[in-house]
Amino acid sequence: MKQKIIYAIFTLISVISYGQVDLKMKPDKTDYNGNEIVNLTIILQLNGDNLVQQSKIMLPDLSKFNMIGNGSYSQSFVEAGANSSEDQFVKQYVTRIALEPKQKGKIKIGSVLVNINNKIYKTEPFNIFIRDVEKKTASNISNDVYLNMEIEDREVYQDQPTIAVLRVYSKNMDHLRKVKNIKLPNQENINVHPVSLKRSEIDPNGYANMASQVLAVFMVFPNESGYVEVPAVSASVNTFASKNSIVSNKVKLNVKKLPEGSPESFKNAVGNFKVDVFHNSKEKIEVQKPFNVTVKVSGEGNLADLSLPKIEVSPFYEVFAPKISSFVRPGKTGMKGEILAKYVVIPKKAGDFVVKTESFSFFDPRNKEYTDLGEKKMAITAFSHDEVLESKSTVEKVNEYTNTFLETVDSPVLKTTSFKVKEKSKLNWNVFFINVGLFLSLIIMYFGFKNWQKKRFIVKEKSVSKDLGSVAETEAEIRESLKTDVSDYFAYLENLKASGDYSKFFQTFDELDHEVRSQYFQSSKQDFVVFLERDKGRSVAEQYQELQQKIQIEKYSPLTSEDSIANILTDVVKLYSLISK
């Protein structure tokens, strides 16, 4: 009899609890000092598998606070009953909110609401008491944060690099994470190139028992002799209430003048370099038709800032301004890699001639001596149009003439361009006879449409000569075809910001940055900075570097706010709209 009563009680309890909703909100305490954070915990528990949450948890009016953080998680489990048939499925949602009070005194926090199965559930309101609110200013924090620029080697030659390390110190380790917007020195008598903008691990036992962290490593190239002062590095200390600036110390360099006896061809190259000149055309060079000549300077030193040797002017050819491609990265004794200057050269008359560069020399600070590489020469043989035709076989001539017809006349019934013959392919007799048959057929068509065909040839010749002579226009057309519609990315980033999906926000930004760099044929961010400085101006390049630093700092920040993401999005829209014009 007793067992039956116990079984009946358990059955009654399970029926009562089935479909039960438990919603509550509680603070960590009810009495706070003005400088303390108010932590609220909201717990929603659904007991039963027939409960459907039809709305998000609606928060009360929190306008008397600054929301400085929030997070949530959910868990599901099965609550065991007296037997397996009485097991109950439970879902639990926990949300935590961190608030900074704006005023003192008693503050009422209202109810949290949620709609479950068409029924509104709410918590009971409660009061908390805030003592005197301390007005925090960023200057209070910035007084405890110090920037220090360290340059070990302070005696260098002109245009020789020295390594600078930027460190931040603070007694409060948490303040190190609030240092953002690092601006490297910018001055006419020095050139600065970043080596690494990645933050190091925090050292808790730094100078004078203060925690320290390396914020940036960069190279300084002084371009004049004498005592050169490296200006201070600036940064900002961001809090939720305000932002303040801090600056580092200044460092004086003793820049030694380069030794006397430099060659006449010496300009400003300091390091160890090599110069090559070449062209990649496998076809015969024809008079009045352009071909490319590349001047490559490779090595290590002040490679990113040196003056490149130019191709000398000659009565045998016409040369146009080059397109510069830079592939430079930090090395041990400077910037290393290679810089390519691609020239368009047009021969003026047939015969042999030499394309040569200006003399180039550099100063090697290791050996403390000058090295004169002299001129770099490349022998060229230009042929007249008739000579180029004579050098081709009969089959090549037929194929070339047929291909010209196939490019000009495209039948709506048969796509004749598919029968074009490649010059270097192995001779295929079947294709040859097909081409001969097409050639005879097109000759008949030629006489029937003689006037029309002449007009088409004139238009075609003008367009071909224009395309060959205007390298910049062709490049612009290619860039236009690859142009990225950044407005689509902006709209998607706005949606991700509104939904709070910050990890996807940063991932989408990386995709946008990669697409825009690909539009300008720049594979790395360092190359893109050089391109922006040359094509868009130094200010745009600096904005790009600052935005990249801000993105990296915010991405790995332990606490990301909606305001900081909104500021980043504003900078992204402004900068990439300017770059993609």
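- Between the Ser200 side chain and the Gln213 main chain, no donor and acceptor come within less than 3.5 Å of each other.
- Summarising the geometry of Thr123 relative to Lys24, their closest heavy-atom pair is CG2-CA, 3.6 Å, with the distance given to 0.1 Å.
- A donor-acceptor contact shorter than 3.5 Å links the side chain of Asn249 to the backbone of Met149.
- No side-chain donor-acceptor contact under 3.5 Å links Thr95 to the backbone of Ile42.
- Here the OG-NZ distance, from Ser170 to Lys178, works out to 9.5 Å after rounding to the nearest 0.5 Å.
- Two residues are said to be in side-chain contact when any heavy atoms from C-beta on lie closer than 4.5 Å; Tyr146 and Ile246 fail this criterion.
- For Asn115, the side chain to side chain contact (heavy atoms under 4.5 Å, CB included) partners are Gln54, Ser55, Ile120, not counting sequence neighbours.
- For Lys122, the side chain to side chain contact (heavy atoms under 4.5 Å, CB included) test picks out Ser111, Leu113, with sequence neighbours left out.
- Here the side chain of Gln20 pairs no donor or acceptor atom with the backbone of Asn47 at under 3.5 angstrom.
- Residues Ile339 and Val328 have side chains in contact (heavy-atom distance under 4.5 Å, counting atoms from C-beta outward).
- With rounding to the nearest 0.5 Å, the separation of CG in Asn191 from CG in Asn302 is 8.5 Å.
- When every heavy atom of Pro330 is checked against every heavy atom of Lys336, the shortest pair comes out as O-CE, 4.1 Å.
- Leu23 contributes atom CG, which lies 8.5 Å from atom CD1 of Ile116 (distance to the nearest 0.5 angstrom).
- Gly110 and Pro125 make their closest contact through CA-CB, 4.0 Å (heavy atoms, listed as atom of the first residue, atom of the second, distance).
- For Phe129 and Tyr32, the distance between ring centers is not under 6.0 angstrom.
- When all heavy atoms of Phe65 and Pro101 are compared, the closest pair comes out as CD2-CA, 3.7 Å.
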(message) For Glu515 and Asp513: C-alpha separation, side-chain torsions, deciding distance, then whether side chain to side chain contact (heavy atoms under 4.5 Å, CB included) applies.
(response) CA-CA 6 Å; Glu515 289 291 334; Asp513 183 66; over 6 Å; no

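- Results of the side chain to side chain contact (heavy atoms under 4.5 Å, CB included) test with Ile43 over Arg96, Met25, Gln92 single out Gln92 as the only residue that passes.
- The minimum heavy-atom distance between Pro185 and Ile190, with the atom names listed, is CB-CD1, 4.1 Å.
- Residues His514 and Phe509 have side chains not in contact (no heavy-atom distance under 4.5 Å, counting atoms from C-beta outward).
- To the nearest 0.5 angstrom, Leu184 atom CG is 9.0 Å from Glu546 atom CD.
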(request) Please step through salt bridge (Lys or Arg N to Asp or Glu O under 4.0 Å) for the pair Lys252 and Glu229, ending with a clear verdict. (result) CA-CA 4 Å; Lys252 276 192 174 182; Glu229 185 176 73; 5.1 Å; no

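- Going from atom CD1 of Ile151 over to atom NZ of Lys250 covers 13.5 Å, rounded to the nearest 0.5 Å.
- Distance check: Asp28 CG to Ile37 CD1 gives 10.0 Å after rounding to the nearest 0.5 Å.
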(request) Could you give me the CA-CA distance, side-chain angles and deciding distance for Val217 and Leu166, then say whether side chain to side chain contact (heavy atoms under 4.5 Å, CB included) is met? (result) CA-CA 6 Å; Val217 180; Leu166 179 66; over 6 Å; no

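- Residues Val247 and Val233 form no side-chain contact, since every pair of their non-hydrogen atoms from C-beta on lies 4.5 Å or further apart.
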(request) Carefully, step by step, assess Ser503 and Asp501 under the rule side-chain hydrogen bond (donor to acceptor under 3.5 Å, both in side chains). (result) CA-CA 6 Å; Ser503 60; Asp501 191 353; 3.3 Å; yes

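- Residue Lys550 qualifies as enclosed at atom NZ: its count of foreign heavy atoms under 6.0 Å is above 12.
- Formation of a donor-acceptor pair under 3.5 Å by the Ser499 side chain with backbone atoms of Leu496 is found in this model.
- No salt bridge links Arg517 with Asp527; every basic N to acidic carboxylate O contact stays at or beyond 4.0 Å.
- In this structure, the side chain of Glu300 engages the main chain of Thr333 through a donor-acceptor pair within 3.5 Å.
- Considering every non-hydrogen atom in both Met173 and Ile202, the closest pair reads CG-CG2, 3.7 Å.
- For residues 107-121, no pair satisfies salt bridge (Lys or Arg N to Asp or Glu O under 4.0 Å), with sequence neighbours left out.
- Looking at heavy atoms from C-beta onward, Ile324 lies out of side-chain contact with Leu340 at the 4.5 angstrom threshold.
- With a 4.5 Å cut-off on side-chain heavy atoms, Arg167 and Leu215 do not count as touching.
- Listed by chain and residue number, Pro194, Val529 satisfy the side chain to side chain contact (heavy atoms under 4.5 Å, CB included) test with Gln545 (two or more places apart in sequence, or in another chain).
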(request) Please step through side chain to side chain contact (heavy atoms under 4.5 Å, CB included) for the pair Tyr121 and Val112, ending with a clear verdict. (result) CA-CA 8 Å; Tyr121 294 87; Val112 171; over 6 Å; no

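- With sequence neighbours left out, the side chain to side chain contact (heavy atoms under 4.5 Å, CB included) criterion links Val540 to Leu532, Lys536, Leu575, Leu578, Ile579.
- At a threshold of 4.5 Å between non-hydrogen side-chain atoms, the residues Lys342 and Pro322 do not count as touching.
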(request) Run the numbers on Ile107 and Ile130 for side chain to side chain contact (heavy atoms under 4.5 Å, CB included), then give the verdict. (result) CA-CA 7 Å; Ile107 300 178; Ile130 308 296; 3.9 Å; yes

(message) I'd like to know whether Lys91 forms a side-chain hydrogen bond (donor to acceptor under 3.5 Å, both in side chains) with Gln45, so could you lay out the CA-CA distance, the side-chain angles of the two residues, the decisive distance to 0.1 Å, and finally the verdict.
(response) CA-CA 6 Å; Lys91 270 189 178 180; Gln45 184 167 309; over 6 Å; no

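- A salt bridge links Glu36 with Lys29: the distance from a Lys NZ or Arg NE/NH1/NH2 to an Asp or Glu carboxylate oxygen falls below 4.0 Å.
- Residues Ser196 and Phe218 form no side-chain contact, since every pair of their non-hydrogen atoms from C-beta on lies 4.5 Å or further apart.
- Taking the ring pair (Phe, Tyr, Trp, His ring centres under 6.0 Å) definition, one finds that Phe221 meets it with His193, sequence neighbours left out.
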